[in-house]
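What follows is one structure encoded as structure tokens, with my remarks underneath.
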Amino acid sequence: QVQLVESGGGLVQPGGSLRLSCAASGFRLEYYAIGWFRQAPGKEREGVSCISSTDGSTYYADSVKGRFTISRDNAKNTVYLQMNNLKPEDTAVYFCAADRGLTTKWTWGIRGAYDYWGQGTQVTVSS
């Protein structure tokens with residue numbers, strides 16, 4: 001059974017850090033591009049970051065560049081999102097997703113390109 005499970009969310013003060021994990025079962029993450037998306041209340045789900053399956057290229061939304069880092073550990077079949085200097089506007093449910101296709105800098109943020117999705121983990125940034 002194909003499954004993605006996010007973890008690592010929680011409540012953190014502004015300026016703090018969290019590391020989200022996306023663990024896969026039923027397939028090997030290394031053969032998929034893995035994206036992180038987030039959805040705040042009343043807003044559309046938006047792309048945050050992505051790591052490609054081919055050359056390890058990484059992509060980031062402008063709002064998180066320099067603060068978030070995506071990485072993968074193929075041995076653990078897990079992708080991570082390290083989030084530093086968190087801001088209240090980062091508050092959202094964070095989802096990871098897997099894309100079997102070729103991901104480019106123009107397509108990584110397109111939700112419809114992804115084949116599998118996790119259930120999400122809540123991140124709340126508040127003092």
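Since this is a predicted model, take the numbers as computed values, not measurements.
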How far apart are the closest heavy atoms of A61 and G47, and which atoms are they? CB-O, 3.5 Å
What heavy-atom pair brings A33 and S53 nearest, and what distance separates the two atoms? N-CB, 3.7 Å
Would you indicate whether the side-chain heavy atoms of [Y] and [X] approach each other to under 4.5 Å?
{"X": "T121", "Y": "V93", "result": "no"}
{"X": "R100", "Y": "Y31", "result": "no"}
{"X": "P14", "Y": "P88", "result": "yes"}
{"X": "I34", "Y": "C50", "result": "no"}
{"X": "L4", "Y": "F95", "result": "no"}

I'd like to know if the side chain of [X] and the backbone of [Y] have a donor-acceptor N/O pair within less than 3.5 Å.
{"X": "R38", "Y": "V123", "answer": "no"}
{"X": "N77", "Y": "L29", "answer": "yes"}
{"X": "R72", "Y": "V79", "answer": "no"}
{"X": "T124", "Y": "L11", "answer": "no"}
{"X": "R28", "Y": "A24", "answer": "no"}
{"X": "Y94", "Y": "G8", "answer": "no"}
{"X": "T91", "Y": "V125", "answer": "yes"}

Measure the [atom1]-[atom2] distance between [X] and [Y] for me, rounded to the nearest 0.5 Å.
{"X": "L20", "Y": "Q82", "atom1": "CG", "atom2": "CD", "answer": "9.0 Å"}
{"X": "S52", "Y": "I70", "atom1": "OG", "atom2": "CD1", "answer": "9.5 Å"}
{"X": "S49", "Y": "R67", "atom1": "OG", "atom2": "CZ", "answer": "12.0 Å"}
{"X": "C96", "Y": "E6", "atom1": "SG", "atom2": "CD", "answer": "4.0 Å"}
{"X": "D99", "Y": "R111", "atom1": "CG", "atom2": "CZ", "answer": "14.5 Å"}

Step-by-step side-chain contact (heavy atoms from CB on, under 4.5 Å) determination, S17 to N84: CA-CA 4 Å; S17 298; N84 298 328; 2.9 Å; yes
Does the pair M83 and V48 meet the rule for a side-chain contact (heavy atoms from CB on, under 4.5 Å), with working shown? CA-CA 11 Å; M83 306 187 296; V48 174; over 6 Å; no
Tell me whether Q119 at atom CD has more than 12 heavy atoms from other residues, nucleotides or ligands lying less than 6.0 Å away. no
Considering residues, nucleotides and ligands other than E44, do more than 12 of their heavy atoms fall under 6.0 Å from its CD? no
Would you mind checking if K87 and D90 are paired as a salt bridge, meaning a charged N to carboxylate O distance below 4.0 Å? no
When the ring centroid of F68 is compared with that of W36, is the distance short of 6.0 Å? no
is_close_aromatic(Y116, F27), centroid dist under 6.0 Å: yes
Is there a donor in the side chain of T78 and an acceptor in the side chain of D73, or the other way round, less than 3.5 Å apart? no
Can Y80 and R19 be counted as having a side-chain donor-acceptor contact under 3.5 angstrom? no
Using the six-membered ring wherever Trp is involved, compare the ring planes of F37 and W108 and label them parallel, tilted or perpendicular (cut-offs 30° and 60°). tilted
Under the side-chain contact (heavy atoms from CB on, under 4.5 Å) criterion, do T54 and T103 qualify, and how do the steps go? CA-CA 9 Å; T54 52; T103 302; over 6 Å; no
Would you say V2 ends up clustered with V5 if hydrophobic residues are merged whenever their side chains have heavy atoms under 4.5 Å apart, either directly or through other cluster members? no
Is there a continuous path of hydrophobic side-chain contacts, each under 4.5 Å between heavy atoms, that joins V64 to I51? yes
Kindly determine whether L81 and T69 satisfy side-chain contact (heavy atoms from CB on, under 4.5 Å), including the steps that lead there. CA-CA 6 Å; L81 185 68; T69 303; over 6 Å; no
